[in-house]
Amino acid sequence: MDQLREALAAVARDLGAADADVQLERPREEAHGDLATNLALQLAKRLKRKPRDVAAEILAKLTLPPGVIEKAEIAGPGFVNFFLAERALGATLTAVLGAGERYGRSDAGAGRRANVEFVSANPTGPLHVGHGRQAALGDAIASLLEATGWQVTREYYYNDAGAQIANLTHSVQAWIRRLGGEDAAIPPGGYHGEYVRDIAEQYVHEHPSDAGGADLDAIRQFAVRALREEQDRDLQAFGVAFDVYALESALYAGSQVDTTVRRLVSAGHAYERDGALWLRTTDFGDDKDRVMRKSAEKGGDFTYFVPDVAYHVSKWERGFTRAINVQGADHHGTVARVRAGLQALEMAIPEGYPEYVLHQMVSVTKGGEEVKLSKRAGSYLTLRELVDDVGRDAVRYFFLMRRGDSQLVFDVDLAKKQSEENPVYYVQYAHTRMAGIFRNADRDPTAVGPDFADPSPLSAPAETELLKLLGQYPAVVEKAAEFLEPHRVIAYLEELARAANAWYHHHRVLGEPAPIERARLMLARAVQIVLRNGLTLVGVSAPERM
RNA sequence: GCGCCUGUAGCUCAGUUGGAUAGAGCGUUGGCCUCCGGAGCCAAAGGUCACAGGUUCGAAUCCUGUCAGGCGCACCA
């Protein structure tokens, strides 16, 4: 492909257009060949000639690399279509079988370090469905980066000491007093879920000396730990693991917050007004300036903006050349101000740092009606309940099959009731069928390597189609990683599974004449490898049996 | 009012960053089990790509405007 591109560039130079951008793409239509270029269309205007005439001259001057291209032809308004020789497709097969589980991986990231922050829910309640989308998305993005050569840290940031935690603490305290027979009300802004009562009961059980709930600090620590542990259990059930848990309170304790403010002031972008300390973020693309330290009458403490900036400084200083934040779209307002804060430090942090992957909200329908999301346990909306009901694989797959910036309707009834028709089963089933071939043949699939047999008997249309798809997988992974869009992998897997199921239905493997059987075993093994690699990449299992 | 995201088949959504006749699943209709797992395969019907302009060889894709939905717009986090 690179050879072809260079050959075309040489022709372009010859025609006096050395700066032409040579584009090679895979045509949608099979009749349009395996690769196509629009070079003639691009050049036609500046050469003031008809596109098809330019295409003819390109073709005449083109020196094709030997053995790779079978034929080339002019089509449509002036496209030049190239047809790959069969040998090239056979090479795909040996590439897949040779690389195995490494097929599709690359080292584009060259071992540089990337931080992917996601979920980052404060420990004020169980994880809900929206966190589930974020967990699936963040984990898959991290995996995509790993597959393309980045050294990835999965990070979870949470606040264990702010106003929301105080609300939680007082809510638990109120329940402790209720359990003691008092008539205590949940404070305004407090948490009403049943889990609050459960925590209160546990607290009383483990702290008999404080049955009255007087020790707020002890209650806070207990509640935060209990909810963090519950969230960890939920994430574990979902198959997501983090490398680093970062605490907001540590930024204060480690004086990073103070240091950040000092740097911002000395960089000259801060000013005082109405008794508060402001940062002129409008100098760096924000739409309004931000308060860093509140005025004395408002309490005189820092706004959340400051630790947010300090936190991202810490990512930079820990050596992450990329920081990717996966967040709900309701947080999009923070994007401009965090970046502006980092620029205002004048520490040579790149302008686009950190990168954001924002996903739209998940709405949940149950019984045909939309259910409002809230942090109430028992409302059938926690991630844990969804995973327990629908299954980890289906939940992961559903959350990833859509682009992040389209809204997602998760119909719980449908996911449960019609789980057999879920696309995830279709893809997994294709994998199971390939595995079944080796099971029935009583063969070890891992023994089928690139030198297992001669792949040339694979000539049926369904087979060349499969080989082409297998050859596309590395590019799919590369693009999905580049755009941080795991749904591209899902779409590819469905296409591959469709082609694999059609092939399986029309062609037998076992019992055919030996050269054909052995060649098809290679193809079946290659399909199995790529399906498994892709499913693993998006966090879905590839079962041998279902 | 301002900003970000979205609008594609009855429903849920893709669309390889500007390419050729806009695709898939579900649903609907009609076929296919002596066969490695039918959780499957083959086919049909179904479209003013929200609407109106513009850019150019060429637009679902880029620009402008309008309409509709979602989410933001604190000295809250």
Side-chain angles (χ1 to χ4, degrees), chain A residues 23 25-29 31-32 36-38 40-42 44-45 50-51 75-79 81 122 124 159 162-165 167 189 248 273-278 287-288 290-305 307-308 328-336 358-361 363 398 401-409 411 414 418-423 425-426 428-430 432-441 472 475-476 479-480 482-483 487-488 490-492 494-495 498 501-512 517 520-521 524 545-546:
Chain A
Q23 295 177 21
E25 55 193 17
R26 275 188 304 279
R28 221 188 305 259
E29 290 288 323
H32 297 148
T37 182
N38 59 359
L41 292 162
Q42 283 184 58
K45 193 181 184 189
K50 290 181 189 167
F79 290 99
N81 296 335
N122 285 343
T124 56
N159 180 350
Q164 299 304 324
I165 299 296
N167 287 338
E248 182 179 345
R273 195 180 74 200
D274 304 332
L277 183 65
W278 295 70
D287 56 351
K288 57 184 76 167
R290 303 294 165 181
V291 171
M292 293 195 286
R293 194 180 54 236
K294 302 177 198 172
S295 59
E297 56 265 34
K298 297 276 187 181
D301 46 8
F302 293 117
T303 62
Y304 76 101
F305 167 70
D308 243 17
D330 53 339
H331 288 87
H332 76 253
T334 65
V335 174
L358 301 179
H359 64 87
Q360 295 291 324
M361 299 291 94
S363 59
F398 265 69
M401 59 196 277
R402 309 299 181 214
R403 268 160 67 233
D405 48 15
S406 70
Q407 284 161 238
L408 185 75
V409 179
D411 186 330
L414 192 76
Q418 300 193 349
S419 63
E420 288 184 351
E421 292 163 22
N422 280 345
Y425 289 101
Y426 184 88
Q428 288 181 320
Y429 183 55
T432 303
R433 279 178 147 177
M434 298 304 129
I437 293 171
F438 292 96
R439 198 161 50 238
N440 282 309
Q472 289 169 17
V476 169
K479 286 290 178 190
E482 181 183 344
F483 295 109
H487 79 272
R488 289 165 181 264
I490 301 259
Y492 169 82
E494 286 182 20
E495 202 178 343
R498 209 160 20 247
N501 278 330
W503 172 69
Y504 179 91
H505 189 265
H506 291 295
H507 303 283
R508 287 189 59 82
V509 174
L510 304 181
E512 296 292 308
E517 175 179 300
R520 287 184 177 164
L521 280 170
R545 296 171 183 269
M546 292 169 68

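Residue numbering restarts at 1 for every chain, and letters A, B, ... go by the order of the sequence lines.
Residue A/Lys298 has no polar side-chain atom (N or O) positioned under 4.0 Å from OP1 or OP2 of B/A74. For B/U12, the OP1/OP2 oxygens have no side-chain nitrogen or oxygen of A/Ser406 closer than 4.0 Å. A sub-4.0 Å separation between OP1 or OP2 of B/U6 and a side-chain N or O of A/Arg403 is present.
B/A20 has A/Phe79 stacked on its base ring, the centres lying under 5.5 angstrom apart and the planes within 30 degrees of parallel.
Counting heavy atoms from C-beta on, the side chains of A/Arg545 and A/Arg439 come closer than 4.5 Å.
Not a single donor-acceptor pair, N or O on each side, falls under 3.5 Å between the base of B/G72 and the side chain of A/His332. A donor-acceptor contact under 3.5 angstrom links the side-chain atoms of A/Ser295 to the base of B/C75. Counting atom types as modelled, A/Asp287 pairs no side-chain N or O with a base atom of B/G3 as donor and acceptor under 3.5 Å. For A/Tyr304 against B/A77, a side-chain-to-base donor-acceptor contact under 3.5 Å is present. For A/Asn501 against B/A39, a side-chain-to-base donor-acceptor contact under 3.5 Å is absent.
Distance, A/Phe398 CZ to B/A14 P: 14 Å, rounded to whole Å. At whole-Å resolution of the value, CG in A/Asn81 and P in B/U21 are 13 Å apart. Distance A/Leu358 CG to B/C4 C1': 8 Å, rounded to the nearest Å.
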Output field dot_bracket for RNA chain B (Watson-Crick or G-U, both distances under 3.5 Å, | for other-strand pairs) contains (((((((..((((.....[...)))).(((((.......))))).....(((((..]....))))))))))))....

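Between the side chain of A/Gln407 and the main chain of A/Met361, no donor-acceptor pair closer than 3.5 Å is present.
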